[in-house]
Amino acid sequence: MDKTKESQRAELHKAIWQIANDLRGSVDGWDFKSYVLGFLFYRFMSDNLRQYINDGEDDPNFDYANLTDEFVKQNMPMDERTAIIHEKGYFILPSELFENV
């Protein structure tokens with residue numbers, strides 16, 4: 001990495017940490033980390049389920065996140081949702097996905 005990119009990366013890293021410190025305010029650092037880690041895990045679960053369902057569809061334009069909860073409840077049989085729960089360990093309706101909350 002050249003000197004310019006290295007210094008830009010260092011500045012970006014410093015700015016991100018400063019923003020994180022400003023956001024957490026008087027909240028203890030560990031409490032803040034727990035809060036953020038929970039959101040990161042929720043996002044991972046949402047993205048993982050969305051990709052899993054999208055990969056199972058033949059239509060390349062299909063996107064689970066764009067469906068309504070009512071559509072899923074009416075068109076995805078309970079045994080199919082149960083199979084996803086057995087496979088992934090959870091099931092999230094489209095309105096509850098990280099990107100839709």
Can you find a side-chain donor-acceptor pair between D22 and Q18 that sits under 3.5 Å?
-> yes
Shortest non-hydrogen contact between A65 and P94, atoms and distance | O-CB, 4.3 Å
Would you check if F98 and F44 make a side-chain contact, meaning some heavy-atom pair closer than 4.5 Å?
-> no
R50 side chain reached by I92 side chain, heavy atoms, under 4.5 Å = no
Are F41 and V36 in one and the same hydrophobic cluster, where Ile, Leu, Val, Met, Phe, Trp and Tyr link if side-chain heavy atoms are under 4.5 Å apart?
-> no
Can you tell if the side chain of V72 reaches within under 4.5 Å of the side chain of D69, non-hydrogen atoms only?
-> no
What pair of heavy atoms forms the shortest contact from R81 to K73, and how long is it?
-> NH2-O, 3.5 Å
N100 versus E96, side-chain donor and acceptor atoms under 3.5 Å = no
Is the number of heavy atoms from other residues, nucleotides or ligands within 6.0 Å of CZ (F62) greater than 12?
-> yes
To the nearest 0.5 Å, what is the distance between OH (Y90) and OG (S46)?
-> 7.5 Å
In Å and rounded to the nearest 0.5 Å, what is the CD1 to CD distance from I16 to E11?
-> 12.0 Å
Count the heavy atoms belonging to other residues, nucleotides or ligands that lie under 6.0 Å from CZ of R43, then report whether that count exceeds 12.
-> no
Measuring from Q74:CD to L67:CG, what's the distance to the nearest 0.5 Å?
-> 12.0 Å
Would M45 end up clustered with L40 when hydrophobic side chains under 4.5 Å apart are linked, directly or stepwise?
-> no
Distance, nearest 0.5 Å, that separates CG of N54 from CG of L49 = 9.0 Å
Between M78 and I85, is there a shared hydrophobic cluster once you connect ILVMFWY residues whose side-chain heavy atoms come closer than 4.5 Å?
-> no
Same cluster (ILVMFWY, side-chain, under 4.5 Å), L93 and Y42 | no
